[in-house]
Amino acid sequence: MPTLTLHNTLSGRKEIFTPIDPERITLYVCGPTVYNYVHIGNARPVVAFDVLFRLLQRLYPQVVYARNITDIDDKIINAARDNGEPISALTARFTEAFEQDMAALNALPPTLTPHATEHVGDMIGMIETLVEKGHAYAAEGHALFDVQSMPDYGRLSKRSLDDMLAGARVEVAPYKKYPGDFVLWKPSSDDQPGWESPWGRGRPGWHIECSAMIARHLGPLIDIHGGGQDLIFPHHENEIAQGCCAHGTDYVRYWLHNGYINIDGEKMSKSLGNFRLVRELLKVYPGEVLRFALLSAHYRSPLNFSEEVLQQARSTLDSLYYALLGRGEQVTPQAGYRLAEDHPVNLALCDDLNTPEAISELHRIAAALNKADDTDKPALKAELLAAADLLGLLTHEPSAWFQQGSGDNDLGSEDIDALITERAEAKKARDFARADAIRQQLDEAGIVLEDTREGTRWSRKM
RNA sequence: GGCGCGGUGGCAGAGUGGUUAUGCAGCGGACUGCAACUCCGUAUACGCCGGUUCGAUUCCGACCCGCGCCUCCA
């Protein structure tokens with residue numbers, strides 16, 4: 001088995017991945033708060049860790065991958081109130097939209113999708129444990145985590161308590177013993193959703209759900225936890241505090257964090273308002289183009305998102321699909337082909353998910369396929385498909401890829417076929433002026449013709 | 001202020017103590033009735049200044065610039 005190395009935020013370097021139990025790998029990734037459509041920045045961890053999920057499934061017999069849905073949160077409460085709709089209707093709608101969008105990006109569904117509202121009892125139990133062990137306290141209807149009770153609080157984000165308080169945004173509240181303490185449970189007013197608890201009617205703080213759901217579904221200590229860099233502090237730092245202090249163990253072995261999507265060099269975020277919704281992008285670009293763009297940079301690097309990047313992704317995918325399409329000959333991929341363990345694509349991904357390196361290997365295979373004798377093509381085609389599958393790419397039929405429509409008023413394929421037939425007759429009669437006029441007519445309708453030795457085929461321009 | 005990340009050719013983006021990926025776009029050629037695809041060839045790089053070294057884009061140090069986090073955030 002090739003050695004898998006992963007960059008661990010805890011150490012700040014790449015480490016060899018050693019599972020807790022090689023028979024059962026546990027992976028958790030922070031999912032969305034469902035009060036809105038997700039933007040392409042939200043999609044980056046989903047796609048990056050989808051590649052990790054695929055890779056782990058290749059390397060180990062069982063992988064349990066959980067990605068939560070945060071369906072109770074103040075932003076949700078506010079959005080539902082603004083819309084005048086029940087919270088459950090809002091969260092159901094955006095949960096479904098999220099799942100549709102991620103499916104369009106060819107992200108596999110996780111093994112488990114726990115919802116926060118279905119685990120409030122687990123959260124209350126965990127908070128009670130923390131209170132019993134002296135790591136949390138009740139105050140004015142709140143339950144708060146006592147960060148001073150944990151000696152190495154700040155280990156993940158590499159900052160001391162003093163450093164944190166130097167920042168001006170710490171919420172100083174009278175009920176806190178210490179300004180850095182964070183909320184585990186907070187009181188709800190009558191018009192806010194709430195659950196009965198030992199601290200009165202209320203709702204959970206932001207961080208406790210992940211810790212509680214991990215403990216419930218994956219265990220007290222898991223292999224890998226992923227998410228965006230902006231979750232390192234406070235979210236993941238506080239998860240560690242909760243998990244370690246409640247269970248008296250380590251919480252996560254490997255912390256993985258993806259870089260940001262930038263717009264004009266600036267972080268894309270809901271608060272900055274410079275985001276691009278996946279849903280809107282999908283109206284213009286196939287999901288695979290978005291996925292390819294996301295995988296074209298290493299997951300920890302910033303990725304500047306632009307029209308140009310998407311056009312390049314489209315062009316590059318086209319060339320890979322051209323290799324599969326061939327030049328008119330029919331090639332059936334070799335049956336039963338399996339990517340070798342030491343295949344370059346496998347090795348690239350095992351090196352901390354080096355997707356750009358893996359993609360460059362796809363090009364190498366595609367070039368070999370283009371140049372190969374007919375006897376060698378089935379194996380190379382199977383190799384290209386298998387390698388791309390590890391990245392979740394090249395999943396369409398090549399002809400369908402080139403013919404996918406982008407608008408409603410496009411020419412139908414019957415009209416196109418009729419014109420192609422007419423052009424073929426014109427060519428046969430050596431009436432090239434007429435043939436070129438038809439090519440021109442179709443070109444203006446966004447249809448590109450290509451003559452192959454097996455006949456003329458067409459594709460739609462984007 | 002504290003902590004962290006990064007600056008690679010027109011663009012995107014890996015990587016490496018020497019032979020200097022890959023793609024997109026460009027240029028030249030082959031192929032084609034014309035094209036497209038493909039193939040062959042080709043130009044353009046490692047922020048700045050020092051140091052270590054036979055040799056530095058890579059290691060070390062300083063500097064400049066950009067970005068992020070410091071309790072909303074993927």
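Here is how names work: the chains are called A, B, and so on, in the same order as the sequence lines, proteins then strands, and each is numbered from 1. Bear in mind that the values here come from a model prediction, so they are computed numbers and not experimental data. All values below come from the heavy atoms of this structure, side chains included, with hydrogens, waters and symmetry mates left out.
- Using a 4.0 Å heavy-atom distance criterion, A:Arg327 is classed as a base contact.
- Side-chain atoms of A:Arg253 and A:Asn8 form no donor-acceptor pair, as typed in the model, at a separation below 3.5 Å.
- Listed by residue number, the members of residues 380-402 of chain A with any heavy atom below 4.0 angstrom from RNA chain B form an empty set.
- Between A:Val309 and A:Arg457, the residue whose closest nucleotide on RNA chain B is further toward the 5' end is A:Val309.
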Query raised in the report: Is there a side-chain hydrogen bond (donor to acceptor under 3.5 Å, both in side chains) between A:His343 and A:Glu383 once you walk through the steps?
Result: CA-CA 10 Å; A:His343 189 279; A:Glu383 182 185 358; 2.6 Å; yes
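- Of the P atoms belonging to B:rU44 and B:rG55, the separation is 25 Å, rounded to the nearest Å.
- Comparing the C1' positions of B:rC24 and B:rA43 gives an interatomic distance of 16 Å, to the nearest angstrom.
- Under 4.0 angstrom from either OP1 or OP2 of B:rA14 there lies at least one side-chain N or O belonging to A:Ser301.
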Report task. Go along nucleotides 24-35 of chain B 5' to 3' and tag each nucleotide: B for a protein heavy atom under 4.0 Å from its base, S when only backbone or sugar atoms are that close, - otherwise. Result -> B--------BBB
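- Straight-line distance between the P atoms of B:rA45 and B:rU8: roughly 14 Å, to the nearest whole Å.
- A side-chain donor-acceptor contact under 3.5 Å links A:Ser157 and A:Glu237.
- Counting atom types as modelled, A:Ser271 pairs a side-chain N or O with a base atom of B:rC72 as donor and acceptor under 3.5 Å.
- Within the 4.0 angstrom heavy-atom criterion, base atoms lie near A:His39.
- For B:rG50, the paired base is B:rC60 (Watson-Crick or G-U wobble, both distances below 3.5 Å).
- The nearest whole Å value for the distance from the CG atom in A:Leu161 to the C1' atom in B:rG2 is 13 Å.
- Of the P atoms belonging to B:rG6 and B:rG10, the separation is 24 Å, rounded to the nearest Å.
- The CZ atom of A:Phe233 sits 12 Å away from the C1' atom of B:rG2 (whole-angstrom rounding).
- A:Asp352 pairs with exactly one of A:Lys14, A:Arg300, A:Arg13 by the salt bridge (Lys or Arg N to Asp or Glu O under 4.0 Å) rule, that one being A:Arg300.
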Query raised in the report: Checking side-chain hydrogen bond (donor to acceptor under 3.5 Å, both in side chains) for the pair A:Asn304/A:Ser306: CA distance, chi angles, key distance, verdict?
Result: CA-CA 6 Å; A:Asn304 213 21; A:Ser306 63; over 6 Å; no
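- Below 30°, between 30° and 60°, or above 60°: for A:Trp255 and A:Tyr251 the angle between ring planes is between 30° and 60°, a tilted geometry.
- Side-chain atoms of A:Glu307 and A:Gln311 include no donor-acceptor pair closer than 3.5 Å.
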Report task. Could you walk me through whether A:Tyr260 and A:Glu266 pass side-chain hydrogen bond (donor to acceptor under 3.5 Å, both in side chains), step by step? Result -> CA-CA 9 Å; A:Tyr260 300 119; A:Glu266 234 186 2; over 6 Å; no
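- Distance A:Trp255 CH2 to B:rG4 C1': 17 Å, rounded to the nearest Å.
- Within 4.0 Å of A:Gly259, counting heavy atoms only, lies at least one base atom of the nucleic acid.
- The partner of B:rA12 is B:rU22, by the rule that a Watson-Crick or G-U pair needs both atom distances under 3.5 Å.
- Nucleotides B:rG13 and B:rC46 are separated by 13 Å at their C1' atoms, to the nearest Å.
- A salt bridge between A:Asp50 and A:Arg67 is absent, with no side-chain N of the basic residue lying under 4.0 Å from a carboxylate O of the acidic one.
- Between A:Leu324 atom CG and B:rU38 atom P there is a gap of 12 Å when expressed in whole angstrom units.
- When distances are taken from the side chain of A:Lys371 to each of B:rC69, B:rU71, B:rC39, the shortest belongs to B:rC39.
- Among the heavy atoms of the strands, none lies under 4.0 Å from A:Ile232.
- Here A:Gly41 lies in heavy-atom contact (under 4.0 Å) with a base.
- In this entry the distance linking CG of A:Leu277 with P of B:rC73 reads 19 Å, nearest Å.
- Residues A:Tyr28 and A:Cys210 share a closest heavy-atom pair of OH-SG, 3.3 Å.
- Using a cutoff of 4.0 Å between basic side-chain nitrogens and carboxylate oxygens, A:Arg434 and A:Glu422 are scored as salt-bridged.
- For the P atoms, the distance from B:rC49 to B:rC70 is 36 Å, rounded to whole Å.
- Taking every side-chain heavy atom of A:Lys75 into account, B:rC73 is the closest of B:rG15, B:rG68, B:rC73.
- Among the nucleotides B:rC3, B:rC73, B:rC72, the one closest to any side-chain atom of A:Pro234 is B:rC73.
- Of the listed nucleotides (B:rA14, B:rC39, B:rG68), B:rC39 has the atom at the smallest distance from the side chain of A:Ala367.
- The backbone N or O of A:Ser301 lies less than 3.5 Å from no partner atom in the side chain of A:His298, so there is not a single donor-acceptor pair.
- Nearest to the side-chain atoms of A:Tyr322 among the listed nucleotides B:rA36, B:rG4, B:rC73 stands B:rA36.
- The separation between A:Ile261 atom CD1 and B:rG68 atom C1' is 15 Å, rounded to whole Å.
- Summarising the base pairing, B:rG1 is matched to B:rC70 through a Watson-Crick or G-U wobble pair whose two defining distances lie under 3.5 Å.
- Donor-acceptor pairing under 3.5 Å, judged by distance alone, is present between the side chain of A:Lys267 and the base of B:rC73.
- Between A:Trp206 and B:rC73 there is a side-chain polar atom (N or O) within less than 4.0 angstrom of OP1 or OP2.
- Distance noted for atom C1' between B:rU58 and B:rA74: 32 Å (whole Å).
- In this structure, A:Leu295 places its CG atom 20 Å from P of B:rA74, rounding to the nearest Å.
- Of the residues A:Arg423, A:Arg457, A:Arg327, the one that meets the salt bridge (Lys or Arg N to Asp or Glu O under 4.0 Å) test with A:Asp451 is A:Arg423.
- Counting any heavy atom pair closer than 4.0 Å across all strands shown, A:Glu237 reaches no nucleic acid atom.
- Both A:Pro302 and A:Asn370 sit near RNA chain B, but only A:Pro302 has its closest nucleotide nearer the 5' end.
- In this model, the phosphate group of B:rA12 is not approached by any side-chain N or O of A:Asn304 to a distance below 4.0 Å at OP1 or OP2.
- Note: CD1 (A:Ile263) to P (B:rC67) measures 15 Å, nearest angstrom.
- Figure legend. B:rU38 is base-paired to B:rA30; pairs are counted as Watson-Crick or G-U wobble with both atom distances under 3.5 Å.
- B:rA56 and B:rU19 are spaced 15 Å apart, taking the C1' atom of each and rounding to whole Å.
- Nucleotide B:rC65 forms a pair with B:rG6, judged by Watson-Crick or G-U wobble geometry with both contacts under 3.5 Å.
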